[in-house]
2 protein chains.
Amino acid sequence: MIHVTTNFNNKTMEYEELLNDFKKLLKKNNLKFTIQREVILETLYNSDEHLTPEDLHHLLQTKYPELKTGIATVYRTLSLLEDSHVVTSLSFGAQGKKYELGVKIHHDHLICTECGKITEFVDEEIEKRQHVITKKLGFKMTDHSMQIYGICKECQEKENN
Amino acid sequence: MIHVTTNFNNKTMEYEELLNDFKKLLKKNNLKFTIQREVILETLYNSDEHLTPEDLHHLLQTKYPELKTGIATVYRTLSLLEDSHVVTSLSFGAQGKKYELGVKIHHDHLICTECGKITEFVDEEIEKRQHVITKKLGFKMTDHSMQIYGICKECQEKENN
DNA sequence: CTTCTTGCAAAACGTTTGCAAGAGT
DNA sequence: ACTCTTGCAAACGTTTTGCAAGAAG
(Lines give C-alpha, C1' and ligand atoms only; values in the text may rest on other atoms or scores of the structure.)
Protein backbone atom coordinates (compact mmCIF):
# COMPACT_ATOMS: atom_id res chain seq x y z
CA MET A 1 0.00 0.00 0.00
CA ILE A 2 1.30 3.35 -1.15
CA HIS A 3 0.63 6.36 0.99
CA VAL A 4 -1.50 8.88 -0.84
CA THR A 5 -2.36 12.27 0.55
CA THR A 6 -6.13 12.64 0.44
CA ASN A 7 -8.89 14.95 1.48
CA PHE A 8 -11.86 12.76 0.64
CA ASN A 9 -14.25 12.36 3.49
CA ASN A 10 -17.32 10.17 3.10
CA LYS A 11 -19.85 12.59 1.74
CA THR A 12 -22.23 12.32 -1.17
CA MET A 13 -20.79 14.33 -4.04
CA GLU A 14 -21.73 15.49 -7.49
CA TYR A 15 -19.57 14.04 -10.22
CA GLU A 16 -18.02 17.39 -11.10
CA GLU A 17 -16.93 17.96 -7.54
CA LEU A 18 -15.60 14.42 -7.26
CA LEU A 19 -13.63 14.77 -10.47
CA ASN A 20 -12.16 18.09 -9.41
CA ASP A 21 -11.11 16.76 -6.07
CA PHE A 22 -9.59 13.75 -7.75
CA LYS A 23 -7.58 16.02 -10.05
CA LYS A 24 -6.35 17.99 -7.05
CA LEU A 25 -5.40 14.79 -5.31
CA LEU A 26 -3.38 13.67 -8.31
CA LYS A 27 -1.58 16.97 -8.55
CA LYS A 28 -0.78 16.98 -4.84
CA ASN A 29 0.90 13.60 -5.25
CA ASN A 30 2.69 14.35 -8.53
CA LEU A 31 0.50 11.89 -10.36
CA LYS A 32 -0.95 12.43 -13.78
CA PHE A 33 -4.51 12.80 -14.89
CA THR A 34 -5.08 10.24 -17.63
CA ILE A 35 -8.10 9.25 -19.71
CA GLN A 36 -8.01 5.77 -18.16
CA ARG A 37 -8.19 7.20 -14.66
CA GLU A 38 -11.02 9.46 -15.68
CA VAL A 39 -13.18 6.76 -17.27
CA ILE A 40 -12.64 4.44 -14.34
CA LEU A 41 -13.77 7.09 -11.88
CA GLU A 42 -16.71 7.98 -14.08
CA THR A 43 -17.77 4.35 -14.53
CA LEU A 44 -17.62 3.73 -10.81
CA TYR A 45 -19.62 6.88 -10.19
CA ASN A 46 -22.35 5.89 -12.60
CA SER A 47 -22.65 2.33 -11.39
CA ASP A 48 -24.84 1.53 -8.44
CA GLU A 49 -23.59 -2.04 -8.46
CA HIS A 50 -20.61 -3.26 -6.53
CA LEU A 51 -18.06 -4.02 -9.23
CA THR A 52 -15.24 -6.50 -9.39
CA PRO A 53 -12.07 -5.44 -11.24
CA GLU A 54 -13.15 -7.89 -13.93
CA ASP A 55 -16.63 -6.30 -14.15
CA LEU A 56 -15.10 -2.88 -14.47
CA HIS A 57 -12.68 -4.05 -17.13
CA HIS A 58 -15.51 -5.50 -19.22
CA LEU A 59 -17.56 -2.35 -18.84
CA LEU A 60 -14.66 -0.25 -20.06
CA GLN A 61 -14.05 -2.53 -23.02
CA THR A 62 -17.68 -2.07 -24.02
CA LYS A 63 -18.04 1.64 -23.33
CA TYR A 64 -14.59 2.77 -24.45
CA PRO A 65 -13.19 0.05 -26.72
CA GLU A 66 -10.80 2.50 -28.37
CA LEU A 67 -8.89 2.94 -25.11
CA LYS A 68 -8.09 -0.77 -24.83
CA THR A 69 -7.65 -0.29 -21.09
CA GLY A 70 -5.65 -3.19 -19.69
CA ILE A 71 -6.71 -5.14 -16.64
CA ALA A 72 -3.46 -4.11 -14.95
CA THR A 73 -4.47 -0.47 -15.22
CA VAL A 74 -7.83 -1.28 -13.68
CA TYR A 75 -6.11 -2.91 -10.71
CA ARG A 76 -3.60 -0.11 -10.38
CA THR A 77 -6.28 2.56 -10.51
CA LEU A 78 -8.51 0.77 -8.03
CA SER A 79 -5.62 0.55 -5.58
CA LEU A 80 -4.93 4.23 -6.03
CA LEU A 81 -8.59 5.08 -5.50
CA GLU A 82 -8.78 2.85 -2.47
CA ASP A 83 -5.67 4.37 -0.93
CA SER A 84 -7.19 7.78 -1.51
CA HIS A 85 -10.46 6.71 0.11
CA VAL A 86 -12.41 7.36 -3.06
CA VAL A 87 -13.57 3.76 -3.27
CA THR A 88 -13.89 1.06 -0.67
CA SER A 89 -13.62 -2.65 -1.23
CA LEU A 90 -15.53 -5.61 0.11
CA SER A 91 -13.96 -9.06 0.27
CA PHE A 92 -15.77 -12.26 -0.56
CA GLY A 93 -14.16 -15.57 0.15
CA ALA A 94 -10.64 -15.98 -1.08
CA GLN A 95 -11.42 -15.12 -4.65
CA GLY A 96 -12.36 -11.61 -5.40
CA LYS A 97 -13.00 -8.18 -4.13
CA LYS A 98 -15.78 -5.83 -5.07
CA TYR A 99 -15.38 -2.07 -5.19
CA GLU A 100 -17.81 0.74 -4.72
CA LEU A 101 -17.50 4.49 -4.50
CA GLY A 102 -16.64 5.41 -0.95
CA VAL A 103 -17.72 8.98 -1.35
CA LYS A 104 -21.17 8.55 0.07
CA ILE A 105 -22.73 7.98 3.43
CA HIS A 106 -21.28 5.01 5.25
CA HIS A 107 -23.35 1.85 5.18
CA ASP A 108 -23.17 -1.87 5.72
CA HIS A 109 -24.14 -4.77 3.50
CA LEU A 110 -26.76 -7.46 3.30
CA ILE A 111 -25.57 -10.16 0.93
CA CYS A 112 -27.89 -12.75 -0.56
CA THR A 113 -26.09 -16.08 -0.76
CA GLU A 114 -28.47 -17.32 -3.46
CA CYS A 115 -28.33 -14.57 -6.06
CA GLY A 116 -25.37 -12.51 -4.86
CA LYS A 117 -27.38 -9.33 -4.64
CA ILE A 118 -26.04 -6.75 -2.22
CA THR A 119 -28.39 -4.46 -0.32
CA GLU A 120 -27.02 -1.54 1.61
CA PHE A 121 -28.24 -0.34 4.97
CA VAL A 122 -27.27 1.98 7.78
CA ASP A 123 -28.02 1.59 11.44
CA GLU A 124 -27.07 4.37 13.79
CA GLU A 125 -27.28 2.14 16.82
CA ILE A 126 -24.68 -0.26 15.43
CA GLU A 127 -22.38 2.61 14.49
CA LYS A 128 -22.59 3.94 18.04
CA ARG A 129 -21.87 0.57 19.61
CA GLN A 130 -18.77 0.18 17.48
CA HIS A 131 -17.34 3.34 18.94
CA VAL A 132 -18.15 2.20 22.45
CA ILE A 133 -16.45 -1.15 21.89
CA THR A 134 -13.26 0.19 20.35
CA LYS A 135 -12.95 2.83 23.02
CA LYS A 136 -13.27 0.22 25.75
CA LEU A 137 -10.54 -1.92 24.18
CA GLY A 138 -8.13 0.96 23.54
CA PHE A 139 -8.36 0.38 19.82
CA LYS A 140 -8.08 3.26 17.35
CA MET A 141 -10.73 2.53 14.74
CA THR A 142 -9.92 3.49 11.17
CA ASP A 143 -12.61 1.55 9.37
CA HIS A 144 -15.10 -1.21 9.74
CA SER A 145 -17.25 -3.45 7.67
CA MET A 146 -20.24 -5.54 8.43
CA GLN A 147 -21.92 -8.06 6.24
CA ILE A 148 -25.08 -9.96 6.94
CA TYR A 149 -25.53 -13.08 4.85
CA GLY A 150 -28.82 -14.72 4.11
CA ILE A 151 -31.55 -15.14 1.57
CA CYS A 152 -33.32 -12.12 0.14
CA LYS A 153 -37.09 -11.75 -0.16
CA GLU A 154 -37.14 -12.59 -3.89
CA CYS A 155 -35.08 -15.76 -3.52
CA GLN A 156 -37.23 -16.92 -0.62
CA GLU A 157 -40.29 -16.55 -2.81
CA LYS A 158 -38.63 -18.46 -5.66
CA GLU A 159 -37.84 -21.30 -3.26
CA ASN A 160 -41.46 -21.63 -2.27
CA ASN A 161 -42.51 -22.48 -5.85
CA MET B 1 -20.33 -25.47 -2.19
CA ILE B 2 -21.51 -28.97 -1.45
CA HIS B 3 -24.54 -29.39 0.70
CA VAL B 4 -23.71 -31.19 3.91
CA THR B 5 -26.30 -32.19 6.45
CA THR B 6 -25.23 -30.82 9.78
CA ASN B 7 -26.36 -30.48 13.35
CA PHE B 8 -23.68 -28.19 14.65
CA ASN B 9 -25.04 -25.12 16.35
CA ASN B 10 -22.66 -22.54 17.75
CA LYS B 11 -22.03 -23.80 21.24
CA THR B 12 -18.82 -24.28 23.14
CA MET B 13 -17.96 -27.96 23.09
CA GLU B 14 -15.51 -30.35 24.63
CA TYR B 15 -13.25 -31.98 22.09
CA GLU B 16 -14.73 -35.45 22.66
CA GLU B 17 -18.21 -34.19 21.95
CA LEU B 18 -17.05 -32.28 18.89
CA LEU B 19 -15.24 -35.32 17.54
CA ASN B 20 -18.25 -37.55 18.08
CA ASP B 21 -20.59 -35.15 16.39
CA PHE B 22 -18.15 -34.85 13.51
CA LYS B 23 -18.07 -38.64 13.14
CA LYS B 24 -21.86 -38.73 13.11
CA LEU B 25 -21.94 -36.00 10.50
CA LEU B 26 -19.56 -37.94 8.29
CA LYS B 27 -21.60 -41.10 8.60
CA LYS B 28 -24.82 -39.28 7.84
CA ASN B 29 -23.30 -38.03 4.57
CA ASN B 30 -21.59 -41.31 3.58
CA LEU B 31 -18.21 -39.75 4.11
CA LYS B 32 -15.28 -41.49 5.71
CA PHE B 33 -13.49 -40.79 8.95
CA THR B 34 -9.80 -40.47 8.11
CA ILE B 35 -6.69 -39.67 10.13
CA GLN B 36 -6.20 -36.51 8.11
CA ARG B 37 -9.67 -35.26 8.95
CA GLU B 38 -9.15 -36.08 12.59
CA VAL B 39 -5.83 -34.26 12.95
CA ILE B 40 -7.17 -31.23 11.14
CA LEU B 41 -10.15 -31.00 13.47
CA GLU B 42 -7.93 -31.57 16.49
CA THR B 43 -5.40 -28.95 15.39
CA LEU B 44 -8.10 -26.38 14.82
CA TYR B 45 -9.59 -27.19 18.21
CA ASN B 46 -6.31 -26.72 20.00
CA SER B 47 -5.38 -23.52 18.28
CA ASP B 48 -6.66 -20.24 19.56
CA GLU B 49 -5.23 -18.45 16.56
CA HIS B 50 -7.08 -17.85 13.35
CA LEU B 51 -5.28 -20.11 10.89
CA THR B 52 -4.75 -19.83 7.16
CA PRO B 53 -4.79 -23.09 5.16
CA GLU B 54 -1.04 -22.59 4.80
CA ASP B 55 -0.61 -22.19 8.58
CA LEU B 56 -2.57 -25.34 9.18
CA HIS B 57 -0.59 -27.26 6.59
CA HIS B 58 2.69 -26.26 8.23
CA LEU B 59 1.40 -27.16 11.67
CA LEU B 60 0.41 -30.60 10.44
CA GLN B 61 3.76 -31.17 8.78
CA THR B 62 5.46 -30.39 12.06
CA LYS B 63 3.12 -32.27 14.39
CA TYR B 64 2.40 -35.26 12.16
CA PRO B 65 5.17 -35.45 9.57
CA GLU B 66 4.50 -39.16 8.96
CA LEU B 67 1.08 -38.36 7.49
CA LYS B 68 2.51 -36.11 4.78
CA THR B 69 -0.88 -34.40 4.57
CA GLY B 70 -1.12 -32.55 1.27
CA ILE B 71 -2.24 -28.97 0.98
CA ALA B 72 -5.14 -30.11 -1.23
CA THR B 73 -6.46 -32.21 1.63
CA VAL B 74 -6.25 -29.24 3.96
CA TYR B 75 -8.33 -27.17 1.54
CA ARG B 76 -10.81 -29.97 0.96
CA THR B 77 -11.23 -30.59 4.68
CA LEU B 78 -11.61 -26.91 5.49
CA SER B 79 -14.38 -26.63 2.88
CA LEU B 80 -16.09 -29.64 4.34
CA LEU B 81 -15.83 -28.22 7.85
CA GLU B 82 -17.08 -24.85 6.70
CA ASP B 83 -20.05 -26.37 4.89
CA SER B 84 -20.85 -28.29 8.07
CA HIS B 85 -20.58 -25.12 10.16
CA VAL B 86 -17.78 -26.55 12.23
CA VAL B 87 -15.43 -23.76 11.23
CA THR B 88 -16.05 -20.28 9.94
CA SER B 89 -13.79 -18.29 7.72
CA LEU B 90 -12.80 -14.66 7.65
CA SER B 91 -11.65 -13.00 4.45
CA PHE B 92 -8.89 -10.46 4.22
CA GLY B 93 -8.38 -8.55 1.02
CA ALA B 94 -8.01 -10.63 -2.08
CA GLN B 95 -5.36 -12.91 -0.76
CA GLY B 96 -6.29 -15.34 1.92
CA LYS B 97 -8.86 -16.62 4.25
CA LYS B 98 -8.42 -17.45 7.90
CA TYR B 99 -10.34 -20.20 9.61
CA GLU B 100 -11.40 -20.69 13.19
CA LEU B 101 -13.57 -23.21 14.98
CA GLY B 102 -17.15 -22.07 14.67
CA VAL B 103 -18.32 -24.23 17.53
CA LYS B 104 -18.15 -21.58 20.16
CA ILE B 105 -20.11 -18.52 21.11
CA HIS B 106 -20.57 -16.16 18.20
CA HIS B 107 -18.34 -13.12 18.15
CA ASP B 108 -17.02 -10.42 15.87
CA HIS B 109 -13.51 -9.27 15.10
CA LEU B 110 -11.25 -6.34 15.76
CA ILE B 111 -8.35 -6.45 13.30
CA CYS B 112 -5.17 -4.46 13.78
CA THR B 113 -3.96 -3.22 10.41
CA GLU B 114 -0.41 -2.76 11.75
CA CYS B 115 0.35 -6.14 13.29
CA GLY B 116 -2.52 -8.26 11.96
CA LYS B 117 -3.63 -9.30 15.43
CA ILE B 118 -7.27 -10.32 15.72
CA THR B 119 -9.23 -9.62 18.89
CA GLU B 120 -12.65 -11.14 19.37
CA PHE B 121 -15.61 -9.43 20.95
CA VAL B 122 -19.35 -9.83 21.39
CA ASP B 123 -21.93 -7.14 21.69
CA GLU B 124 -25.48 -8.11 22.42
CA GLU B 125 -26.84 -4.79 21.24
CA ILE B 126 -25.34 -5.24 17.78
CA GLU B 127 -26.65 -8.79 17.54
CA LYS B 128 -30.13 -7.55 18.38
CA ARG B 129 -30.03 -4.76 15.83
CA GLN B 130 -29.05 -7.20 13.11
CA HIS B 131 -32.20 -9.16 13.71
CA VAL B 132 -34.29 -6.03 13.62
CA ILE B 133 -32.74 -4.91 10.32
CA THR B 134 -33.08 -8.21 8.51
CA LYS B 135 -36.64 -8.62 9.69
CA LYS B 136 -37.52 -5.18 8.39
CA LEU B 137 -36.05 -5.94 4.98
CA GLY B 138 -37.63 -9.37 4.64
CA PHE B 139 -34.23 -11.00 4.60
CA LYS B 140 -33.67 -14.44 6.09
CA MET B 141 -30.36 -14.15 7.93
CA THR B 142 -28.14 -17.21 7.92
CA ASP B 143 -24.92 -15.66 9.08
CA HIS B 144 -23.12 -12.41 9.53
CA SER B 145 -19.68 -11.07 10.07
CA MET B 146 -18.40 -7.81 11.31
CA GLN B 147 -14.87 -6.57 11.33
CA ILE B 148 -13.55 -3.39 12.82
CA TYR B 149 -10.19 -2.28 11.47
CA GLY B 150 -7.80 -0.03 13.28
CA ILE B 151 -4.67 0.12 15.36
CA CYS B 152 -4.41 -1.85 18.58
CA LYS B 153 -3.21 -0.48 21.89
CA GLU B 154 0.26 -2.00 21.57
CA CYS B 155 0.88 -0.66 18.07
CA GLN B 156 -0.30 2.81 19.09
CA GLU B 157 2.25 2.78 21.91
CA LYS B 158 5.01 1.62 19.56
CA GLU B 159 4.18 4.50 17.22
CA ASN B 160 4.64 7.04 20.00
CA ASN B 161 8.29 6.04 20.52
C1' DC C 1 -15.15 -55.30 -2.84
C1' DT C 2 -17.06 -50.97 -3.36
C1' DT C 3 -16.82 -46.21 -2.52
C1' DC C 4 -14.55 -42.37 -0.75
C1' DT C 5 -10.13 -40.06 0.13
C1' DT C 6 -5.63 -39.13 -0.55
C1' DG C 7 -1.16 -37.03 -2.57
C1' DC C 8 0.70 -35.39 -6.46
C1' DA C 9 1.21 -32.48 -10.28
C1' DA C 10 -1.03 -29.65 -13.34
C1' DA C 11 -4.38 -26.22 -14.09
C1' DA C 12 -7.04 -22.34 -12.93
C1' DC C 13 -7.86 -18.07 -10.91
C1' DG C 14 -7.20 -13.35 -9.40
C1' DT C 15 -3.65 -10.15 -8.78
C1' DT C 16 0.98 -8.04 -9.29
C1' DT C 17 5.21 -6.84 -11.64
C1' DG C 18 9.10 -5.62 -15.12
C1' DC C 19 9.68 -3.41 -19.04
C1' DA C 20 9.71 -0.72 -23.22
C1' DA C 21 6.63 2.34 -25.60
C1' DG C 22 3.57 6.22 -24.97
C1' DA C 23 1.16 10.19 -22.76
C1' DG C 24 0.88 14.12 -19.49
C1' DT C 25 2.91 18.19 -17.49
C1' DA D 1 12.57 17.20 -21.51
C1' DC D 2 11.31 14.85 -17.82
C1' DT D 3 8.47 11.82 -15.22
C1' DC D 4 4.58 9.11 -14.70
C1' DT D 5 1.45 5.76 -16.86
C1' DT D 6 0.19 2.46 -19.90
C1' DG D 7 -0.43 -2.32 -22.18
C1' DC D 8 1.53 -6.48 -22.60
C1' DA D 9 3.17 -10.76 -21.05
C1' DA D 10 5.26 -13.15 -17.59
C1' DA D 11 5.30 -14.17 -12.75
C1' DC D 12 3.12 -14.80 -8.49
C1' DG D 13 0.50 -16.87 -4.58
C1' DT D 14 -3.58 -19.18 -3.52
C1' DT D 15 -7.08 -22.47 -4.48
C1' DT D 16 -9.05 -26.21 -7.34
C1' DT D 17 -8.95 -30.27 -10.18
C1' DG D 18 -7.96 -34.94 -12.59
C1' DC D 19 -6.19 -39.00 -11.73
C1' DA D 20 -4.25 -43.29 -10.19
C1' DA D 21 -3.00 -45.42 -5.83
C1' DG D 22 -4.52 -46.26 -1.16
C1' DA D 23 -7.61 -46.48 2.93
C1' DA D 24 -12.20 -46.96 5.10
C1' DG D 25 -16.51 -49.17 5.63
Side-chain angles (χ1 to χ4, degrees), chain A residues 1-5 19 22-41 50-58 60-61 64-84 87 89-99, chain B residues 1-5 19 22-41 50-58 60-61 64-84 87 89-99:
Chain A
M1 143 130 177
I2 299 152
H3 183 70
V4 181
T5 309
L19 183 62
F22 183 47
K23 284 183 184 171
K24 276 185 215 154
L25 173 120
L26 292 173
K27 193 160 283 173
K28 198 185 287 181
N29 293 277
N30 301 312
L31 302 174
K32 287 170 181 172
F33 181 69
T34 65
I35 316 146
Q36 287 83 350
R37 285 177 178 163
E38 169 156 29
V39 298
I40 289 173
L41 184 69
H50 293 70
L51 303 173
T52 62
E54 199 66 28
D55 291 340
L56 191 45
H57 186 224
H58 279 126
L60 296 178
Q61 286 188 321
Y64 309 99
E66 71 283 5
L67 291 180
K68 292 198 262 130
T69 311
I71 188 81
T73 299
V74 173
Y75 276 103
R76 285 186 281 229
T77 305
L78 284 172
S79 297
L80 168 64
L81 291 172
E82 190 169 20
D83 292 348
S84 328
V87 302
S89 66
L90 269 177
S91 301
F92 297 86
Q95 239 79 301
K97 256 187 180 179
K98 286 191 175 187
Y99 291 82
Chain B
M1 143 128 176
I2 300 151
H3 183 70
V4 181
T5 309
L19 184 62
F22 182 49
K23 283 182 183 170
K24 276 184 215 155
L25 173 120
L26 291 172
K27 193 161 280 170
K28 197 185 288 181
N29 293 278
N30 301 313
L31 301 174
K32 289 172 180 171
F33 181 70
T34 64
I35 317 144
Q36 287 83 349
R37 286 176 177 165
E38 169 156 30
V39 298
I40 288 173
L41 184 69
H50 294 69
L51 302 173
T52 62
E54 198 66 28
D55 291 339
L56 191 46
H57 186 225
H58 279 126
L60 296 177
Q61 286 187 321
Y64 308 99
E66 70 284 5
L67 293 180
K68 292 198 263 137
T69 312
I71 188 80
T73 299
V74 173
Y75 276 102
R76 285 186 281 230
T77 305
L78 283 172
S79 298
L80 168 64
L81 290 172
E82 189 168 19
D83 291 348
S84 326
V87 301
S89 65
L90 269 179
S91 301
F92 297 86
Q95 238 80 301
K97 255 187 181 179
K98 286 191 173 185
Y99 290 83

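So that the names make sense, note that chain A is the first sequence line, chain B the second, and so on, each numbered from 1.
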- Query: Contact class for B/E54 (heavy atom, under 4.0 Å): base, sugar-phosphate, or nothing?
  - Reply: nothing
- Message: When you measure only distances, ignoring hydrogens and angles, does the side chain of B/R76 come within 3.5 Å of the base of C/dG7 through a donor and an acceptor?
- Response: yes
- Note on the structure: Looking only at heavy atoms, the pair that brings A/L41 and A/F22 closest together is CD2-CD2, 3.6 Å
- Closest to the A/A72 side chain: C/dT17, C/dA9, C/dG24? C/dT17
- Item | Among C/dG7, D/dT14, C/dT5, the one nearest B/Y75 by side-chain distance | D/dT14
- Item | Whole-Å distance separating the CD atom of A/E38 from the P atom of C/dT25 | 11 Å
- Note on the structure: A/Q36 atom CD is separated from C/dA21 atom C1', nearest whole Å, by 14 Å
- Distance in angstrom units between A/N29 CG and C/dT25 P, rounded: 14 Å
- Note on the structure: Whole-Å distance, A/Q61 CD to D/dC8 C1', equals 14 Å
- Item | DNA chain C: 5'-proximal contact among B/N30 and B/T69 (nearest heavy atom) | B/N30
- Task: Have a look at B/I71 and say if it touches a base, only the backbone sugar-phosphate, or nothing, with a 4.0 Å heavy-atom cut-off.
- Result: nothing
- Side chains of B/T77 and B/L56: closer than 4.5 Å at any heavy-atom pair? no
- Query: Side chains of A/S89 and A/E82: is there a donor and an acceptor less than 3.5 Å apart?
  - Reply: yes
- Item | Value in whole Å for how far the C1' atom of D/dT5 lies from CG of A/L31 | 10 Å
- Message: For a quick check of understanding: with a heavy-atom distance under 4.0 Å over all strands, which category does B/L67 fall into, base, sugar-phosphate or nothing?
- Response: sugar-phosphate
- Query: Rounded to the nearest Å, what distance is computed from the CG atom of residue A/L51 to the P atom of nucleotide C/dT15?
  - Reply: 13 Å
- Do B/Y99 and B/V74 come within less than 4.5 Å of each other through their side chains, counting heavy atoms only? no
- Figure out the CZ/C1' separation between A/F33 and D/dT3, and round it to whole Å. 18 Å
- Query: Rounded to whole angstroms, how far apart are CZ on B/R37 and C1' on D/dA24?
  - Reply: 10 Å
- Query: Taking for each residue the nucleotide of DNA chain D bearing the nearest heavy atom, is the 5' side occupied by A/T73 or by B/K27?
  - Reply: A/T73
- Message: Both B/T34 and A/K32 contact DNA chain C. Taking the nearest nucleotide for each, which residue is further toward the 5' end?
- Response: B/T34
- Message: To the closest 0.5 Å, what do you measure between OG1 (B/T73) and CZ (B/R37)?
- Response: 9.0 Å
